[in-house]
Number of protein chains: 2
Amino acid sequence: MAQNTDEGTTGERAYRRIRGDILQGRLAPAEKLKLERLKEDYGVSVSTLREVLSRLSSEKLVVAEGQRGFEVAPVSAEELKDIASLRLLLEVHAIAQSFQSGDMDWEARVVAAHHKLAAMEDKKKTEGSPDIETWKRYDWEFHQALISACGSRELMETHGAVFDKYLRYQMLALTDRGEIAAREHRQLMELALNRDAAKAGEVLKAHINGGVEHALAVGRIV
Amino acid sequence: MAQNTDEGTTGERAYRRIRGDILQGRLAPAEKLKLERLKEDYGVSVSTLREVLSRLSSEKLVVAEGQRGFEVAPVSAEELKDIASLRLLLEVHAIAQSFQSGDMDWEARVVAAHHKLAAMEDKKKTEGSPDIETWKRYDWEFHQALISACGSRELMETHGAVFDKYLRYQMLALTDRGEIAAREHRQLMELALNRDAAKAGEVLKAHINGGVEHALAVGRIV
DNA sequence: TCAATAGGTAATTTCAAAAATATATGATGA
DNA sequence: TCATCATATATTTTTGAAATTACCTATTGA
């Protein structure tokens with residue numbers, strides 16, 4: 001076969017591509033994933049695909065029923081609310097831990113991540129929405145930075161998985177409540193520097209609930 | 001090939017078997033999983049194995065590094081404590097929700113699950129430890145019953161995954177603090193019927209921390 | 001007309017072997 | 001003795017095709 005130009009194995013790359021396509025809605029919810037077609041689209045064999053899809057079914061991003069193949073996990077308003085409330089539980093707790101034991105390096109990570117995110121939000125406001133993909137990645141990195149001093153690898157990984165599923169809904173709804181979210185992000189950063197976990201929990205709750213409301217308001221999600 | 005005598009596909013069955021063997025320590029932590037050997041042991045092809053192992057690597061029960069194959073996830077005292085604290089966070093929250101909105105059916109499930117578990121704990125005390133596998137399953141089912149009215153599928157699934165990893169450590173340590181655990185289980189049931197979530201949280205905290213201490217005391221975990 | 005079934009097609013699941021990669025072995029030179 | 005490189009072996013990764021199962025269509029009989 002061809003040489004590995006990118007990092008990792010062929011399957012690894014296919015995994016990242018397919019996962020990204022699901023999270024960004026290029027593979028629509030509940031869409032049937034026929035192996036023959038995917039084989040064409042991603043240029044890998046069925047066995048490799050199967051490996052990738054099995055992995056994604058463990059993450060609940062695809063469903064694999066019996067002997068009837070794979071499909072992209074469906075979406076529902078109920079699941080969105082459910083995911084959001086789990087994200088809130090994990091993130092509030094992680095933030096409290098982080099605020100308690102975060103050192104100077106942690107503060108630097110938070111400020112740096114917020115800087116990149118805020119720059120993106122500014123650019124988005126002036127020039128429309130240029131690159132939603134990197135914008136959402138900065139969002140991810142900011143929230144990850146906030147909890148990065150919580151001291152629990154398990155908590156961070158679990159939160160990351162839930163966050164990804166949450167982000168999928170945001171991408172599907174193409175929700176863009178930019179200015180409000182930007183203000184909340186700034187508040188969170190400031191509360192981090194002041195170590196005010198209680199207030200940060202409230203802001204986060206409003207932040208997440210606002211995101212849910214906005215996503216549901218678009219009406220694309222049944 | 002041979003007919004499917006059991007439920008599901010061949011890969012499905014291999015998945016359950018291998019997963020069980022990891023959780024019960026028959027496949028030791030950090031053990032290298034050579035495909036040729038597994039192929040012999042489980043009677044499936046390498047592609048199918050690969051599919052199974054990929055899935056398990058998503059659950060963090062095996063690690064898959066680069067082009068160097070798979071191995072059983074290692075264990076550490078630190079990870080045990082980490083897992084236990086995440087379990088506590090999820091289960092306390094789920095219990096609070098459950099206690100609030102549990103109906104009569106829920107109470108019945110809790111009582112029924114406790115009955116089976118208590119019977120098993122009694123039998124274990126008199127006859128030694130007969131069937132650790134089903135005993136732990138009853139343990140699992142009791143705790144699952146307690147949170148089964150929490151109203152959040154995501155929370156229950158996430159809790160289930162964490163609980164399984166916790167159980168793996170208990171199996172590895174062959175810990176058996178039966179009478180104390182049995183008393184705590186009874187307390188949890190009674191607190192459920194009285195809807196005393198706050199007290200239940202405290203008991204659960206002691207329950208889990210006790211399990212951790214006991215597992216670490218055995219000294220089998222580095 | 002409708003239900004049931006048989007036959008054919010499409011899809012999934014499983015396998016075994018080829019290709020790619022890593023690991024071990026041993027020889028060579030400083 | 002030790003490091004380095006080349007060769008050989010072992011293992012993983014990927015593929016394409018065979019075996020199995022599900023799905024669709026049309027025919028038959030009531």
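So you know, we letter chains A, B, ... as the sequences are listed, proteins then strands, and number each from 1. Predicted model, so just to flag it, every value in this text is computed and none were measured.
Going from atom CG of A/Leu49 over to atom P of C/dT14 covers 16 Å, rounded to whole Å. Counting to the nearest Å, the C1' atom of D/dT11 and the CD atom of B/Glu65 are 13 Å from each other. Between the P atom of C/dT12 and the CZ atom of A/Phe70 lies a distance of 9 Å, rounded to the nearest Å.
In this structure, the side chain to side chain contact (heavy atoms under 4.5 Å, CB included) partners of B/Glu65, at least two apart in sequence or on a different chain, are B/Arg68, B/Glu71. Among residues two or more places apart in sequence or in another chain, the side chain to side chain contact (heavy atoms under 4.5 Å, CB included) test is passed with B/Ala113 by B/Phe142, B/Ala145. Evaluation of the side chain to side chain donor-acceptor pair (under 3.5 Å) rule for B/Thr158 yields no partner, not counting sequence neighbours. Among residues two or more places apart in sequence or in another chain, the side chain to side chain donor-acceptor pair (under 3.5 Å) test is passed with B/Thr134 by B/Asp131. Checked against side chain to side chain donor-acceptor pair (under 3.5 Å), B/Tyr166 has the following partners two or more places apart in sequence or in another chain: B/Gln170.
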Under-3.5 Å N/O pairs linking protein and nucleotides 22-24 of chain C:
unit_1 : atom_1 : unit_2  : atom_2 : d
C/dT23 : OP1    : B/Arg68 : NE     : 3.4

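Residues of residues 32-46 of chain B that place a heavy atom closer than 4.0 Å to DNA chain C, in numerical order, are B/Val44, B/Ser45, B/Val46.
Within the structure, ring pair (Phe, Tyr, Trp, His ring centres under 6.0 Å) pairs that include any residue of residues 78-101 of chain B comprise B/Phe99-B/Trp106 (at least two apart or interchain). Among pairs with a residue in residues 56-76 of chain A, none fulfils ring pair (Phe, Tyr, Trp, His ring centres under 6.0 Å), at least two apart in sequence or across chains.
If you check every strand for non-hydrogen atoms under 4.0 Å, A/Ser47 touches a base.
Cation-pi geometry between B/Arg87 and B/Phe163 is not met: the NZ or CZ atom fails to fall both under 6.0 Å from the ring centre and inside 45° of the normal.
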